Structure formats: structure tokens, C-alpha cells
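First the structure, in the form of C-alpha cells, and then the observations on it.
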Amino acid sequence: MRVSTLFARTLRNDPAEAEVAAHRLLLRAAFIRKTAAGIYTTMPLGLRTTAKIERVVREEMDAAGSQELRMPIVLPAEPWRATGRYDAYGDLMFRLQDRHGREFVLGPTQEEVVAELAQHELPSYRDLPSNVYQVEWKYRDEFRPRYGLLRGREFLMKDAYSLDRDEVGMRESYQAMYDAYVKVFDRLGLDYVIVEGDPGQIGGGVNHEFMALADVGEDLFVRCENGDYLADTEAATPRPPDAAPDEEPPPLTEVDTPGAVTIELMSEQMGLPAEATMKCILFDVEGRSVAVLVPGDREVNEEKLARLHFPARVRPFEDDDFTERGFAKGFVGPQGLGSNVTIFADPAIRGRAHWATGANRPDVHVTGATFDRDFRVDRWQDLVQFREGDRCPVDGGRLEIARSIVVGHIYQLGTYYSAPLQATFQDEDGSQKPFVMGSYGIGITRIMSAAVEQNHDDAGIRWPKLLAPFEVAIIMANADASAVTDHAERIYRELTDRGIEVVLDDREERAGVKFADADLVGYPVQVVVGARGIEAGTVDLKVRSTGHRSQAPLAEAAETAVDLLTTAP
RNA sequence: CGGGGCGUAGCGCAGCCUGGCAGCGCACGUGCUUUGGGAGCACGAGGUCGCGGGUUCGAAUCCCGCCGCCCCGACCA
């Protein structure tokens, strides 16, 4: 490819809309152009890079026994109603109607389609297990698209779906995909971690997120300073504090605390630190009342609580609930609560012998509330929201928050989709059973952004050679000297003949412009052919990722470039 | 969806407060000089000042409405 004909112009200024490095550099280097908020044209350079990501993904998917197909993007709305996702996704789905008023959605993912396909193609248990995948645009009308391709409304994703006869088979399929994902992300050279994730709205149980580390990542996760624990912030279960030493607790004593409806006001009026107070937070679980006890300085992790009760729905008490069920809002304590209230307590409640908490009467609190003597606990359960500095459940080390970009997510779905869609096969005993499914996503366009976040400097992108749109750039430093042109063209041919992906910067630009653009676009190896070098009988070479510069005899330019490329990251 | 900000040439911005010829840098075209890390000089092309309405002799500028985009939050395979 000759740069003079490349459909790309680099930008000298940073576009005002771009905040993070990946977005800024992909725009400046002409890998992408914005069409609308969160919707981008993939330019020739960007297409080459995404194609390389896709190639790695396809090779590993094929090797793992998944078969590629392609499903429509425009999907009838009906199956989405059947699985409940039409409403669950809400405004996150792009919706449209055809001329007859029939409703369609633009696919955000395609479990529904696969389930229906399987119904027809895999009628017998003898057809199982099976696994299909596609690489396709996905659509989500994000509340807030941002950071270019990191959170787009249209994005390229590889999605795979496994279909199994039973749970055991599903777990085997899941493990095969897990292993394939490790190979993919290892080959792509990403710095990543694997974290057991939150089930989210896609439904179901076990799932893992493959997270590329990046300071701009939107997804937070928790890790131990000693590297032996990783978890989603919502799923993190910090080690509870040590149990309080046995001591004779003071008697339960009421204290007037007019208007002290918050922990802050309460601890102020009572002259106690927030850690010595106990929150008793009330939730409604489909008509039943649930109380959750956590130390006053901690928050309840509602996600965890919701997961414990799934599929029942959990919501915090509203004002009406307090009045209707006879609770004093702001002054609730666990003492004397009847069996109509289920009391959950975080293990941290064991970390103190007695607590200050609500007296269940307006404007009154108590001190000395002691477990077993003054209140009961129906179930001990980790329910505090993780906080930086909590201790690691494995080795007690300090837990800290790191940022990442989710580039892969795999799920054990079970029959979450197949059952409501009545996607079934006939099992050996003659009965119809729903497929036991798994689904597996990899964000192709997101990986391109994540790779830039992890591989850039002030001058531009430093592509790993596997992801670079071209492997070698030949820069003609004095384009009007015919000796330069002859040698550059010769090296260009030699590299092309060796199967190297190479660009020849033959533009009528000054050398500095070409150097700057080569650094910006991020070609792994640069070969500089100029009058100065030709006089000495040499070319200059530079490895973008390391900045390493060297020289080679004119005749050995191509060979040296190949050597450098081979050893480059 | 709540809060904040911005829409002026391809990109980055000034002008708006205090109404009076639409500007600057880069990029683009032509010519000359230059030529190994984003050249210099000269000439030139390029604008419904986001859209609609209003006020005014006169609106990029003031007022009202709408749209788009960015940031923070909520939310999120």
C-alpha cells in the first residue's frame, strides 16, 4: 500500500470530543471516524486491525469446535417478549417497525435467535452438544455512549452459543470456551485478568469476565495487593473483622435522639463513632419484610441481597412501607422484631460486642444492643458493600480497586432462554427437554480500543505486531531523489514478496511529517530510506514499541526489517 | 434520565459580555524557496456562525423553543 493513495488523513490536532487516549489516537490516526454519537465508521486502517483481531478469535473458536454462522441483526420482537428481555432491556434496545407496523429490534445479542434455530436443527439429544458463533454488529442504545469504541451504540462482537443436553454438558462446553478465551487474549497480547462476574440482566448463574487492565476502564474490580484474590466489586466478599472479645455487655439503654434520622446525626448526638452504630435497613421481598444489619459506617450491597433472593424481586422500603408495616423510619433496630421479619446480618456485626442502634420508636435510639441477648439473626450473610482497604478473604492482605475494560464475558445460561421459548430436544427417554445453553461474547471493536490504551505513548499508538494494520512502513525521506525512490521501491517489493504487510510513504511531504505519522499510526517497524543513508550505503530502522534504532546495509534492508519484526513484541 | 458545558471553514479555536464588513492557527489549491523529526514566503479557495422563531434600522452576538455533541452521575453482555 502506498500512503499517497491510502484512504486516511491523520489529524494534527486532538479532536475536542475525544477524552481518552484510545479514542483520541484512533481518530487522529484515521482508524475510525464518527458518524453519530457512539456510532463509527471503521476506516481502512481500522478495518485491517479489527480483521486481525477477528482472525485470532475465529481460529480459536474453530479450534474449540464452534461453527461460524451469521444471524440477522433485524429481529422480530416476539421472542424477546417471550423471554422477558423486551422489557428488561427497555430503552437500551433499538426498536423499529416495518411498513405493516410489525415490531422489530436491532439485536443487542442473539440468544433468542439461537434457541429457535436449535429447535429446528437439533431435534435429538444425539445432535448435542453443539456450538455456533458469529462476528456481527450489535446494537445497544446506551444511555451514555462514551470514549469512542469503548462504549458505542453499535459495536462489533463475536458471540457464541453452546447447546447441551444437561448441566454437566453445559459446564464442559463452558470450560472449553473459557480455555479458548484464554488463548485468544494471550495471543492478542492484552494485559488482562479473569474475574467471576455479576449475572446481570442476561440472566443465569456462573459467569466470568475477561478484563483488560486500563486506567480509563469503566468496570471496577477488586484485587488483593498480594495478587491472590480477584472479584467484581459487587461480588467481592471481604474477610470479616475478627470476632469481638468476650466481654460483659452493658445493659440495653434508651437514649433520646430527636430528629437523628441518619447515622451521621445519630453518632453526633450520641457522641459515638459511626463504626459503633448498627444500621438496620429494611427491604421488601415481594410482600415480606427483610432487615439487613451492617455497621453504621458501611453500606448494604443491594446486588448481593437481590441475588440471594433471585428470582424474587427485592426493593428498599419506601415511606409507605414504613407506615403500613409499623416501623419508625430512621429509628429501626433489630430488637424485638417478630418472625414476620427475616433478619440478615453481615459477619461484621460479630466484630463488636454491642451496638448503638434504633429503638423502634421515633426519636429514640439504644446503646448496648447485643446479639443473642437483645436481638436474633436469622441468617449470617456477607452483605456489606466492598470498600477500599477491606481485607482479602484469602490472606488478609489489603484489597484495592483497579479499573478495566471488559473485553470478554462468558455465561452459563442454563434453560433461562430455552425454557420460555420452548426450545427443546427429545432426550433418550423420549421426553422433550429445553436446551441447556451457554453464551460467550468478545468485543472486537472494544479490544482495538483496549489495545491502544495499553500500547501508546505521547507520539501515538505502539501496536503489537499482531494487531498493527501494516507491519512495516518504508519512509522515503527525500522523495525527489531518484536514488531514494529506486531503493525504497526495491525494498518495498522485496518485503511484499516475503509476504510482509508493508506501506510505502511516497507522499510529497517533508520527512518530519512522515516520521510523525508513522509513529502516530504505530507501524511496528519503520525503514527510513534517505539521501544521507544512501551515500553511506545504509538505511535506518526503528522499532516503534521499544524505540530501538539501528542501521543496515541498503541491500539487507528488507531482511533486517523482517528480523526486527520477528523479535518485536 | 438528573447536573454541567459546548455547537463559528476539514480539525483546533477567538469573536458573543457591551448588536454594526465573520476572524486566527493548522489542513487544502497555485507558484517560488526549502528538504532526515509536524518548513518559509506570496497569492488563493473554502462559512445557511447547529435549526426555527422573536426583538431591532441592523443579530454569530440579545430573548424563546428545538436539535446535536462532550463531561459528571445514575445505568450497563
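Every value quoted in this text rests on a predicted model; they were computed, and no experiment measured them.
Summarising the base pairing, B/rU48 is matched to no nucleotide, lacking a Watson-Crick or G-U wobble pair whose two defining distances lie under 3.5 Å. The partner of B/rU18 cannot be assigned: no Watson-Crick or G-U wobble pair with both contacts below 3.5 Å exists in any strand. In a base pair of the Watson-Crick type (N1 to N3 plus N6-O4 or O6-N4) or a G-U wobble (N1-O2 and O6-N3), with each distance short of 3.5 Å, B/rA60 is matched with no nucleotide. Pair assignment for B/rG73 gives B/rC1, based on Watson-Crick or G-U wobble hydrogen-bonding distances that are each under 3.5 Å. Partner assigned to B/rU34 is none, using Watson-Crick or G-U wobble distances below 3.5 angstrom. The base-pairing partner of B/rG29, taking Watson-Crick or G-U wobble contacts with both distances under 3.5 Å, is B/rC43.
Between A/Glu299 and A/Arg387 there is no salt bridge, since no side-chain N of the basic residue sits under 4.0 Å from a carboxylate O of the acidic one.
At least one donor-acceptor pair under 3.5 Å links the side chain of A/Asn478 to the backbone N or O of A/Ala531.
Comparing B/rG36 with B/rU48, their P atoms are spaced 40 Å from each other, to the whole Å. Straight-line distance between the P atoms of B/rC69 and B/rC62: roughly 24 Å, to the nearest whole Å. The same atom, C1', is picked in B/rC28 and in B/rG73; the two are 42 Å apart, to the nearest Å. A gap of 30 Å separates the P atoms of B/rG2 and B/rU18, to the nearest Å. Of the C1' atoms belonging to B/rG7 and B/rG50, the separation is 6 Å, rounded to the nearest Å.
Here A/Lys514 lies out of heavy-atom contact (under 4.0 Å) with every strand. Residue contacts shown for A/Arg446 are absent, as no nucleic acid heavy atom lies under 4.0 Å away.
By the neighbour-count criterion of 12 heavy atoms within 6.0 Å, atom CD of A/Glu264 is sparsely surrounded, having that number or fewer from other residues, nucleotides or ligands.
Side-chain to base pairing of A/Arg151 with B/rC76: one donor and one acceptor N or O lie within less than 3.5 Å of each other.
In this structure, A/Glu19 atom CD and B/rG4 atom C1' are separated by 14 Å, rounded to whole Å. Counting to the nearest Å, the P atom of B/rC69 and the CZ atom of A/Arg146 are 15 Å from each other. Per the geometry, CG belonging to A/Asp14 stands 16 Å off P belonging to B/rC70, to the nearest Å. Going from atom NZ of A/Lys34 over to atom C1' of B/rG10 covers 14 Å, rounded to whole Å. Spacing between atom CD of A/Glu302 and atom C1' of B/rC75 amounts to 14 Å, rounded to whole angstrom units. Rounded to whole angstrom, the span from the CD atom of A/Glu142 across to the P atom of B/rC69 amounts to 14 Å. To the nearest angstrom, C1' of B/rG5 lies 15 Å from CD of A/Glu17. One can place CZ of A/Arg144 at 15 Å from P of B/rG4, the figure rounded to the nearest angstrom.
A donor-acceptor pair shorter than 3.5 Å can be found between the side chains of A/Tyr161 and A/Asp159. With hydrogens and angles left out, the side-chain atoms of A/Glu136 and A/Gln110 include no donor and acceptor closer than 3.5 Å. With 3.5 Å as the limit, one finds a donor-acceptor pair spanning the side chains of A/Tyr133 and A/Asp62.
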Checklist entry - Passes side-chain hydrogen bond (donor to acceptor under 3.5 Å, both in side chains), A/Asn207 versus A/Tyr174? Steps please. => result CA-CA 9 Å; A/Asn207 71 99; A/Tyr174 185 84; over 6 Å; no

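Note: A/Tyr178 and A/Phe210 meet the aromatic proximity criterion, with ring centroids under 6.0 Å apart.
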Next on the checklist: I'd like to compare against my own output: the B/S/- annotation of nucleotides 28-37 of chain B with a strict under-4.0 Å heavy-atom distance to protein.
Outcome noted: S-----BBBB

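Taking side-chain N and O atoms only, A/Arg33 has no distance below 4.0 Å to OP1 or OP2 of B/rG10. Regarding contacts with the backbone of B/rC72, a side-chain N or O of A/Tyr147 is found under 4.0 angstrom from either OP1 or OP2.
Relative to the ring axis of A/Tyr86, A/Arg95 places its NZ or CZ within 45° and under 6.0 Å from the centre.
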